2 protein chains.
Amino acid sequence: MTVSRALNGSNSVSAATREKIMSAVEELGYVLDLSAGALSSQKTGFISVLIPSFNNSNFSETVQGISESLASEGKQILVGYTGYSQQREEQLIDTMLQRRPEGMILTGGEHTARACQTLKKTSVPVIEIWDMPAQPIHHLVGFSNAAMIEDMVARLVFRGYRRIAFIGGDESGDFRSIDRRRGYERAIETLGLPKAHVVPLGAPPISIRHGGPAIVRLMQEWPEAEAVICVSDLCAIGAIMECHRQKWDVPSRLAVAGFGDFEISRYSFPTLTTVSVNCTEIGLQTGNLMLRATGKTTTMNSLLPQRLVIPHSIIEREST
Amino acid sequence: MTVSRALNGSNSVSAATREKIMSAVEELGYVLDLSAGALSSQKTGFISVLIPSFNNSNFSETVQGISESLASEGKQILVGYTGYSQQREEQLIDTMLQRRPEGMILTGGEHTARACQTLKKTSVPVIEIWDMPAQPIHHLVGFSNAAMIEDMVARLVFRGYRRIAFIGGDESGDFRSIDRRRGYERAIETLGLPKAHVVPLGAPPISIRHGGPAIVRLMQEWPEAEAVICVSDLCAIGAIMECHRQKWDVPSRLAVAGFGDFEISRYSFPTLTTVSVNCTEIGLQTGNLMLRATGKTTTMNSLLPQRLVIPHSIIEREST
DNA sequence: CTGTTAGCGCTTTCAC
DNA sequence: GTGAAAGCGCTAACAG
């Protein structure tokens, strides 16, 4: 028991004893077993994080942010990637729960019915991030994808563009894309613009390779387009590269805007106008909220459902 | 005991009993506790993975590969990022070991002396990936960064370039960069080229933003340069963007090559010549090796140190 | 095919 | 400031 106290930094161990313990630890190469500790104390120190994919700098930055803020209290992250599939998410939730995480962080607000049920039955706090579902399971840290695109349309209109198209947002799986597309359509209507024109993309993950073909198709279908908003920066960069190739000047022939403020958007030529979402910030905030949610609240009084909205901003650069 | 067997898929449970158990599980919302199981069976099902950063698609693809191949045996990954710091790596190793992972995967072959000691004392198999240290701790899955750059120089020479520069490789921390730079210098000498010219970059992570300034500096210092190899694709893309801006045609004024075959390199304009390293493959191979290393080998006969070399290839595109 | 016993390595709780 | 007792939830080993 004294060893346990010494190793866990409790101060009710005399300096002399602590010294003796530490030198024995050193000599024996003793390493504390947290699994056993978890079993006994009923605290695993794990927080589960589910993201659609590692290969998206937005999500990996978010994870890095979460990881950083949790590390301060010695919590470990258990990451899983769903591959944008709700089925896989459901399955992962079950697996994760077997590790007895103290909290669960999910990307997005759309889950299978069974997953929702499982999560509600569980006593661990759940935080959904990135989206803004109307009825979150518990806590929420995110932003409205629709509102952000609306802002972007408004900004383009303010700059004098009228014929504005949108690339992205198919009807399968990626609810973030669909939400963004809805924002676009709503804005076109609200602002009284002549016409909405959407070039849909296939299933996620959306990437650079999708941009080129999409912009070519747009120019065939609606040659009068003056500006286009892409569902993600990667797609926008692909589009711009194709414009170089086709010798369509950006922005004079066609203005291009993206979403996500990926690093490349600051260094591309032309630099890319985009919606900045500050992923590290979302991660840090989520981590901090999780610490509050899992902290020692008086048994009855668990943290009331929180709804944090992370501010976004439109960043105008050379491409518009 | 019968419940345990039923839930772990052992087949020595009658169909009737299993049925009864499953319906009780469903009704009670019972979830197996793997922590307790781990304590009892001395198998945690964890594999630790340490990478320098999540925000590098090479590393995240590798992790995804590892994760996939381990999932087939129900192993969970415990990821930590070192931020390119050996100190942090040492500390992370200690933390990870407290979770009793069945194996440990490290990125790179350079560690603090204490970390090496700790790892050698541990009985868990260690796999170092990405680099080719002369004296690996245990197993190795990687490629020689130096050899790959040598190949690239040779290819450029074969295409008729003679005055070839290199961007990257400072002396602090990122041993992969340094290794690549050495490969460059060796190749220049071996192939009898007129001169080696290196534009060093600062500490990692190296990214798109470093490319522009570096290429400008190169053109000031050595205007006769015909081609340049960048330490990473991101840096090369940054350089190409700056060339657009400066109206230096790529490749006729200056050919540019990268390293890593990031997705953007296939869709940039011009598309980028690069060294392809197949990160998913390295991940899958590493995962499989780990399964063999942790598998039930006859007690005495643990797996002999393996040294897997993942083949690389030079991919020539428009930029050279 | 099913069940009993013991114990994994720690922490909680209580006693001194 | 230190220690004894008990038990966290599971599985290994053995018995029937």
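From a predicted model like this one, the values you see are computed outputs, not experimental measurements. Side chains are part of it too, since the values below use all heavy atoms of this structure and drop only hydrogens, waters and symmetry mates. Below, read A as the first sequence line, B as the second, and so on, with proteins coming before strands; counting in each chain starts at 1.
In this structure, the side chain of B:Ser53 does not engage the main chain of B:Gly83 through any donor-acceptor pair within 3.5 Å. The backbone N or O of A:Asn58 sits less than 3.5 Å from a side-chain atom of A:Thr62, completing a donor-acceptor pair. Side-chain N or O atoms of A:Ser67 include none that pairs as donor or acceptor with a backbone N or O of A:Val63 at under 3.5 Å. In this structure, A:Glu102 contributes its side chain and A:Gly45 its backbone to a donor-acceptor pair below 3.5 Å.
Interface residues of residues 15-35 of chain B facing DNA chain C, ordered by number: B:Thr17; criterion, heavy-atom separation under 4.0 Å.
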Would you list the protein and nucleotides 4-8 of chain C atom pairs, both N or O, that sit under 3.5 Å from each other?
from, atom 1, to, atom 2, distance (Å)
C:dG7, N2, B:Ser40, OG, 3.1
C:dC8, O2, B:Ser40, N, 3.3

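With the nearest nucleotide of DNA chain C identified for both B:Ser14 and B:Arg100, B:Ser14 has the one nearer the 5' end.
Listed by first then second residue, pairs satisfying ring pair (Phe, Tyr, Trp, His ring centres under 6.0 Å) with a partner in residues 97-134 of chain B read B:Phe59-B:Trp130, B:Trp130-B:Phe143, not counting sequence neighbours. Pairs passing the ring pair (Phe, Tyr, Trp, His ring centres under 6.0 Å) check and including a residue from residues 13-38 of chain B, sequence neighbours excluded, do not occur. Applying the ring pair (Phe, Tyr, Trp, His ring centres under 6.0 Å) test to pairs two or more places apart or on separate chains, those with a residue in residues 33-54 of chain A are A:Phe46-B:Phe46, A:Phe54-A:Tyr81.
Under the 4.5 Å side-chain criterion, counting only non-hydrogen atoms from C-beta, A:Pro125 is in contact with A:Met290.
Judged by distance alone, the side chains of A:Gln86 and A:Thr112 never bring a donor and an acceptor atom under 3.5 Å apart. At a cut-off of 3.5 Å, with distance as the only test, a side-chain donor of B:Gln285 or B:Glu281 sits close to an acceptor on the other residue.
Of all nucleotides in DNA chain D, those with any atom nearer than 4.0 Å to a heavy atom of chain A start and finish, going 5' to 3', at D:dG1 to D:dG9.
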